[in-house]
Every structure is written in structure tokens, then in C-alpha cells.
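Residue numbers begin at 1 in each chain, while the letters A, B, ... track the order of the sequences.
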Protein chains: 2
Amino acid sequence: MSQPSPSFDQLQVLLAIVEAGSFSGAARRLNRAQSAVTYAVQRLEEQLGTALFDRASYRPTLTEAGRTLLPRARLIIDEMRALCDHAQGIAAGLEPELTVIVDAMFPMCALLDALRTFGVRFPTVPPRIYVESLGGASELLLNGTCAVGLLLSFSSEFELLQRQHLSDVTVIYVAAASHPLSWIEGPVPRAELRRHVQLVLSDRSGLTGTRDYGVLSPQTWRLADLGAKHAMLKAGLGWGGMPAHLVAEDLAAGRLRRIVIQSEAGGDDFITLPLCTAYHRDRPPGPAGRWLLDHLSEIIEADPARTTAD
Amino acid sequence: MSQPSPSFDQLQVLLAIVEAGSFSGAARRLNRAQSAVTYAVQRLEEQLGTALFDRASYRPTLTEAGRTLLPRARLIIDEMRALCDHAQGIAAGLEPELTVIVDAMFPMCALLDALRTFGVRFPTVPPRIYVESLGGASELLLNGTCAVGLLLSFSSEFELLQRQHLSDVTVIYVAAASHPLSWIEGPVPRAELRRHVQLVLSDRSGLTGTRDYGVLSPQTWRLADLGAKHAMLKAGLGWGGMPAHLVAEDLAAGRLRRIVIQSEAGGDDFITLPLCTAYHRDRPPGPAGRWLLDHLSEIIEADPARTTAD
DNA sequence: CTTCTCCATCTGAAAGTTTGATCATGTCTC
DNA sequence: GAGACATGATCAAACTTTCAGATGGAGAAG
């Protein structure tokens, strides 16, 4: 019973008629004969099983069915146009999609800013964002899952990744306001730190090896997710390092307190980790990926404060 | 340069191939010759300007372009199928859409329940909901904007509307906890009420005429929107009647207090307004509208508490 | 009343699509 | 490793769909 589905072209004719207000007007607009338009509409109506236009009056007017079906037709046409644009972009050398791996420590708001512009500049390249920590992040670049990465550049596998330094992220030590360490006035002696559980971001990939960064306590809980670490810090389950921009709000609101570590030689009481853009040498990104990395460099160069606060 | 857009049929072939895993499998599934499938894919690839399948291996595999384009194709096909279903529903006598006018006093959650089932039962009839108060509601039925209505049945124009009683909504008088009337212990004398501003739901349609319901104070503020009245009551700007089910939460939380009116003859201290379904006699609803009204009757008959609480 | 524009219909011609046969190639079974 | 089997590309012929151009009736405009 169901006739072959309406063709895409028929829907375009339908739209053209509605916009032009008449069959022959649509024919002129489409550079076709009026009889072709009439024919297309007749076939469409036949396939849908319902009249779309009321020809009783001089100007054809949409029936109620036509009126409610119209938005669906418009949607289909828009989607088809998007598909064609997408394909055309691919044909012109753009990536079909852009997979991005972001280290959880990376200042997300800089990336979001960049992606906003990216969406306008490359509407046909849908981005796909992965978030991982430490070695897990570079692994996605190495195994080809992601085309470009925004990473911490201390990882060990230098050879295969092409990297470019971006900026630094500041990691400070914090604990919940309810945590015993918060009660101590002034710098905290290292001996005291060792008596409390430290929450350490870990890494199931094994790529960062056994090296640990900033681990001061013998009692550690390992977490593979920075969000989970954040939550456990706020819950008072331990102390540990966090990127400054991720805890600024909690510090201001008093939910977390900064822990200043008593240092032997008056050294820094925070850690600076270098951020970088990266991609696999064997699979350099296309124009869209290239643009995203360059644009991020510009953004962060223009406003380095992003990585330390907000 | 841009060839004529791909046809809908070509996308279907694309999907069939992906599902079947081979060209000839797709051909069997579509009851067509294998050469037709090959031809369709070739044309599609030519029109899109990019290869979709990698034929190097025995089984054709999607290229990256094909993989990212596939969801778009699927979406278009689904939308087209929805359009056809919609049209088929219309052809079978269903309404193209169902416009419903709901009185603001009507217990919305009963309608939401009904609409949930409605969406499953009539996936091709998109509902369109209007909310108005009093005469404004029946007016939309009378002028043909809406096919069915859920109204208070005290309005005056009986002749043109076909109505069916549903249930009653209980209107009680309330004031904010901060309002002077809330401070009075026990029933409030009418003389006291007259000294405070009463918020009265009004009606710009003029259909309910000059009749007022439950207006007790000479000082009135008229509001055409029940939500606004609710907000102003909570802000303590006056006292007034509200459907019990809309203020139950506020009463429980103490934001609003009920006002019991001292009555001369021990009468009720609340108002009962009859609810009804309605439609214009000249434009009876189709199957979908009919179903919605009947189903609402059943729901409310099964659980009349909906209209008084929750 | 004339002229213009509108849409439906008819016709043959052009374009697009399908079929069935054939071929080269890759996979599976024994 | 040989034969059976399945796959995709290609081609020509039959077929279907779509198109342009001409014609006619009906409403709108002057």
C-alpha cells in the first residue's frame, strides 16, 4: 500500500511553492517547467495519500495537512543540506570529525571558548571530546582514537607525539574545611602531612610508569578520575593537589582550604605542570584540527590567566 | 559543481548495505538486483564527492567519511519515515495535529499523564497546548484555534460548546505567611477580609461578562494569569482563591496559609468549580481528540483526588 | 471585455533506474 | 590446494520516471 517514499526533490518543490506562493512561481524559481512542478506535487500528494494544497481558490493554499507536514519537510531538507555540506567539507579535505582528548587538568573553559568559535568556523566538522587523566590521555592519541590532544607534557613518550607548549597549570594542595589539616595555622610540616591520607590522581594506562608527582604521604588513595578526587576532597576524605582553576570557587566559598607546605629551603608550595597541544606524528591533524590547536595557542597566549584561575 | 542532491532512496540503500554487511545482501533485502545497489552507491558517492565504502577488502567497509555521514543519513531516513507515518495518519482520518486549550485551573498533572499515553498511542499527532483562564479559554474553542478544551464549565456560552462534566476543582482562599490575614487565629470575619486587597483572576476575553466568582473584597487587583497570581500571593501582595492542588505544596511548606472565612450559616469555606471537557459543536474532534477526552475522563474517574490535591 | 496569470492535462522526448548476464576476485570447505 | 561459493564491477537492453512545450479553462486585473 505504501507507495515508494517521496523523493527529496519533491519536498524541495513543496517548499519552493510555499515560498513562491504559486506553482508557476516555484517553477520559475527552480528553472523548470510549470508542468513539472504540478507533476511533482501530484506525485507527492499521491504518495502521502493526502492533499497538500487547496486549489479551489486562485492562489493555491496549504491544506491543514500540508501546514502540519511542512515543518517536517523543512527539517528533512535542512538535514539533507547539512549532510551535503558535511560531505563537501570532507571532499575538500576537512576531517570528517575531530576527536579531541583533553587532560582533566586542562582548563576546560579555554577549550569551550575555542570550540564555540570552532563550531562557527567549521560547522561541518563535529567535534568529539574525550577527557582522561595523565597517561590515559596520551594513550588515546597513540592508539589513534583521537586526532589531537590537550595534555600535560610530562608524559614519557616523546618520540611519537608532536607537541607544542601552551602554558602552565598551577597545582596547589587543598583539604576540606572539615579536615584536620585545615585546622593548622600557617605552613604544615611534612611530618604532619604524612599522617593523613593523600588523594593521588592515578592512571590505569601504565604509560606514566611508576613515577609519581608530588606524592608526599605514605598513605595514598589512588583515583583515576579528577572529578572523583575533587568530590572526595570536598567530602573531607583526604588531602591532595588540585589545579588551581578547578578549586578557586571552593576556596572562595570556604568549602576547601589551601594547604601551604612547610618547605626546607623556602621553595614553592605549589607545582607547575606544563600544558601542551599534541598529535601523533604519523597522523597529523587536518585543517580543522590544525586550526583548533593554533587558535587555542592564541587564546591562551592572549590571556594566560585562564590556566591559573577561573 | 554540486550535483543534484542525493535521493532519499540512495540513503536507504546506504543503510541497507551497512546493515546487511554487503552489497548483494542489501540487494536481496531490498528485492532488487545487485547491480542496482552498486549503481546507487556509485551515484551517491559521486554526488557527495567522497567515497563511502572501502572495497579493497572482501567485505566492503565504511570509510571514515562514511562512518561519520551515516548517522546523518539515518536521521534523515527516520525523519522521512516519521513524515510518511504522519501523512498516513492524516490519510486514515487522524487529525494533522491536536490543539488543546487548558484552563489554568485544570490539574495539569492529569493532563500530562494523559499526554504521555497519548504520545505512544498517537505518535503521529503532535499536540499543541494552550493555557488560558476563564473566558479566554473557551474563546479559543469558539474561534476554532483549538479542537478540544479542558475548561471550567461555568462559562456562559452553552449553545456552541459540547461539554461533558469531568470532576470538580476545589478553590480555597490563601495568603502568604507574611500577610496580616495569616496572623488571625481561627475563621476570619468578612469585614476583616474587606480591608485587604484581594487578588482576582480576571479575563481579557469579556466572555464571562461582568460576573465575578468569590469576590469578597472591594479592593481587588485583577490578574489575567494564574501563575502571576500565585507569585503575587506568595509575595504577600494580597489574598485570594487558588486551586487547592496548586498550593498544596506551599501550604505544607508554610509559604502560604489557608484562610478560613467566617460564614453566616456555617457554609463551606471553599468554592467548588466544575471541570469539563469541551469542543465546538460545528467542529467535533477526530479520533485522537476523542480519545484524549475519553481517556481523561477515565483517569479522573479512577482517581478523583488529582483535582483536589497534588 | 480584454488581457494576464494561474493550474491541469496531454504529448513525445530525455534522463534516470533496473535487470540479467558475465567477469575477476576473494573466501570457505574438504 | 582444488572446487564450490559469494561478492562487486561492468555492460547493454528494457523499463520507469521526469521533463519541456503546447493547449485549454478559470479566476483576477485593468
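Here A:Glu45 pairs with A:Arg55 in a salt bridge; the nearest charged N to carboxylate O distance falls below 4.0 Å.
Heavy atoms only, all atoms of each residue included: B:Val102 and B:Ile129 are closest at CG2-CG2, 3.9 Å. Looking at every heavy atom in both residues, B:Gly93 comes nearest to B:Pro287 through O-CD, 3.4 Å. B:Glu159 and B:Arg281 make their closest contact through O-NE, 2.6 Å (heavy atoms, listed as atom of the first residue, atom of the second, distance).
Atom CD in B:Gln12 sits roughly 15 Å away from atom C1' in C:dT17 (whole-Å rounding). A straight line from CZ of B:Phe23 to C1' of C:dT25 spans 15 Å, rounded to a whole angstrom.
Heavy-atom distances under 4.0 Å link DNA chain C to B:Asn31, B:Arg32, B:Ala33 of residues 25-34 of chain B, given in residue order.
Surrounding CZ of A:Arg29 are more than 12 heavy atoms belonging to other residues, nucleotides or ligands, all under 6.0 Å away.
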Can A:Thr145 and A:Ile101 be said to form a side chain to side chain contact (heavy atoms under 4.5 Å, CB included), step by step? CA-CA 9 Å; A:Thr145 304; A:Ile101 168 65; over 6 Å; no

What's the verdict on side chain to side chain contact (heavy atoms under 4.5 Å, CB included) for A:Asp113 and A:Leu296, showing C-alpha distance, side-chain angles and the deciding distance? CA-CA 9 Å; A:Asp113 273 1; A:Leu296 261 171; over 6 Å; no

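Note on B:Tyr39: a base of the nucleic acid sits closer than 4.0 angstrom, heavy atoms only. Among the heavy atoms of the strands lying under 4.0 Å from A:Ala36 are primed sugar atoms or P, OP1, OP2 only; no base atom is included. If you check every strand for non-hydrogen atoms under 4.0 Å, B:Ser24 touches sugar and phosphate atoms only.
Between B:Thr38 and A:Ala40, the one whose closest nucleotide on DNA chain D sits nearer the 5' end is B:Thr38. Toward the 5′ end of DNA chain D lies the nearest nucleotide of B:Gln42, the other residue of the pair B:Gln42 and A:Ser7 mapping further downstream.
Residues B:Ser7 and B:Asp9 have side chains that never bring a donor and an acceptor to within less than 3.5 angstrom of each other. In summary, the side chains of B:Thr38 and B:Gln34 do present a donor paired with an acceptor at a separation below 3.5 Å, with no hydrogens or angles considered.
Considering B:Leu141, B:Val131, B:Leu292 as possible partners of B:Val100, the one that fulfils the side chain to side chain contact (heavy atoms under 4.5 Å, CB included) test is B:Leu292.
Rounding to the nearest 0.5 angstrom, the gap separating the CG atom in A:Leu293 from the CG atom in A:Leu166 is 8.0 Å.
For DNA chain D, the outermost nucleotides in 5' to 3' order that have an atom under 4.0 Å from a heavy atom of chain A are D:dT17 to D:dA28.
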Sort me out a list of protein N/O and nucleotides 27-29 of chain C N/O pairs below 3.5 Å, or just none if empty.
none

